Asks: 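Please read through the structure below; I'll follow up with questions.
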Amino acid sequence: MGSKNKLKRFKENEGFQNVLQPSREDIKNGFSLKGNWKSHFGNDNPIVLELGCGKGEYTVGLARRDASKNFIGIDIKGARLWRGAKTALEEGLKNVAFLRTQIELIDEVFAEGEVSEIWITFPDPQIKYKRTKHRMTNEAFLNRYKYILSPDGTVNLKTDSEFMHGYTLGLLHGLGLEVSYANHDVYKNEGSPDEVLGIQTFYEKQYLENGKPITYIKFKVH
Ligand SMILES: C[S@@+](CC[C@H](N)C(=O)[O-])C[C@H]1O[C@@H](n2cnc3c(N)ncnc32)[C@H](O)[C@@H]1O
């Protein structure tokens, strides 16, 4: 995408009421919506997050299917999440928001137990050892998810990366955490939930065109 187009999207994001772009200072000084997301949505419905949402296919796709929950897509790239925000506005989806921030700050933007479910969709696997700290299912991230999730909250990981799939299963096993469901090729091996098969992301479509198997794990962190 050209820089002119990006700038146009950044400008539009500023006017979208479903896009929140707190500065690092806003967050460090005590983010106003932390523990108070119901004031943004005007209801107390369960909150579901999509982390590293890109264009927000899961945020929008799940929101279309379930009006009884609120969905928040989080990504640092404003020009990408613009796509999901624009679609949600065009379709009048009131249960959608996008938050432009670092996932590392997640426990500063949501209060303890404020979130009911997390989707991690096609994260960069960060295979190199020195990149371990950026891997979105490492132990430090799992601890952040544990803090913001309600006691029966769940995490969903959908990825093309066999490395990420195996790494996460191994880590969960080592930590004694419950894996509710795992599938290493969701379109070949039956049994995945409808929302796993029925919503495809931008990256996923590219991986599918190249014949890569798509994996899925549903797990708990408490
Ligand atoms: C491989 S893309 C996947 C995007 C989308 N989920 C999809 O499947 O099409 C990973 C996304 O995660 C975002 N991301 C990676 N690390 C992040 C971080 N620490 N905080 C916020 N966003 C991050 C990137 O900006 C990128 O949009």
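Counting starts at 1 for both ligands and their atoms, in listed order. Keep in mind the model is a prediction, meaning the values are calculated, not measured.
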Asks: For atom 15 (C) of ligand 1, what's the nearest protein heavy atom and its distance?
Replies: D124 OD2, 4.0 Å

Asks: Identify whether NZ of Lys or CZ of Arg in R135 sits under 6.0 Å from the centre of the six-membered ring of Y167 and within 45° of that ring's axis.
Replies: yes

Asks: Any non-hydrogen atom of T101 lying under 4.0 Å from ligand 1?
Replies: yes

Asks: Determine, using heavy atoms of C53 and all atoms of ligand 1, whether some pair is separated by less than 4.0 Å.
Replies: yes

Asks: Atom 6 (N) of ligand 1: which of G54, P125, G78, G52 has the nearest heavy atom?
Replies: G52

Asks: I want to know if ligand 1 touches T201 in the polar sense, i.e. an N/O pair below 3.5 angstrom.
Replies: yes

Asks: Please list the nearest protein heavy atom to atom 1 (C) of ligand 1 with its residue and the distance rounded to 0.1 Å.
Replies: F122 O, 3.1 Å

Asks: Is it the case that ligand 1 has an N or O less than 3.5 angstrom from some N or O of E204?
Replies: no

Asks: Is there a polar contact between ligand 1 and T121, counting only N or O atoms under 3.5 Å apart?
Replies: yes

Asks: Any idea which protein heavy atom is nearest atom 22 (N) of ligand 1, and the distance to it?
Replies: I76 N, 3.3 Å

Asks: Minimum distance, heavy atoms only, to atom 13 (C) of ligand 1: which one of I120, I74, I103, D75 is it?
Replies: D75

Asks: Among all protein heavy atoms, pick out the one at the shortest distance from atom 19 (N) of ligand 1; state its residue, atom name and that distance to 0.1 Å.
Replies: E104 OE1, 2.9 Å

Asks: Please indicate whether any nitrogen or oxygen in K77 is less than 3.5 Å from any nitrogen or oxygen in ligand 1.
Replies: no

Asks: Using a strict 4.0 Å threshold on nitrogen-to-oxygen distance, state whether E25 and K28 make a salt bridge.
Replies: no

Asks: Can you confirm whether the side chains of E117 and N156 place a donor and an acceptor under 3.5 Å from each other?
Replies: yes

Asks: Working to the nearest 0.5 angstrom, can you tell me the gap between E57 CD and T87 OG1?
Replies: 8.5 Å

Asks: I'd like to check N189 versus H184 (side-chain heavy atoms, cut-off strictly below 4.5 Å). Are they in contact?
Replies: yes

Asks: Among I47, N45, D44, find the one that has a side-chain contact (heavy atoms from CB on, under 4.5 Å) with K38.
Replies: D44

Asks: Do L149 and V155 touch side chain to side chain, with heavy atoms closer than 4.5 Å?
Replies: yes

Asks: Measure the distance from atom 26 (C) of ligand 1 to every protein heavy atom, then report the residue, atom name and distance (to 0.1 Å) of the closest one.
Replies: R80 NH1, 3.1 Å

Asks: Applying the side-chain hydrogen bond (donor to acceptor under 3.5 Å, both in side chains) test to Y58, which of K158, E50, E195 qualifies?
Replies: K158

Asks: Any carboxylate oxygen within less than 4.0 angstrom of a Lys/Arg side-chain nitrogen, looking at K212 and E162?
Replies: no

Asks: Is atom 8 (O) of ligand 1 near the protein, in the sense that some protein heavy atom lies at less than 4.0 Å from it?
Replies: yes

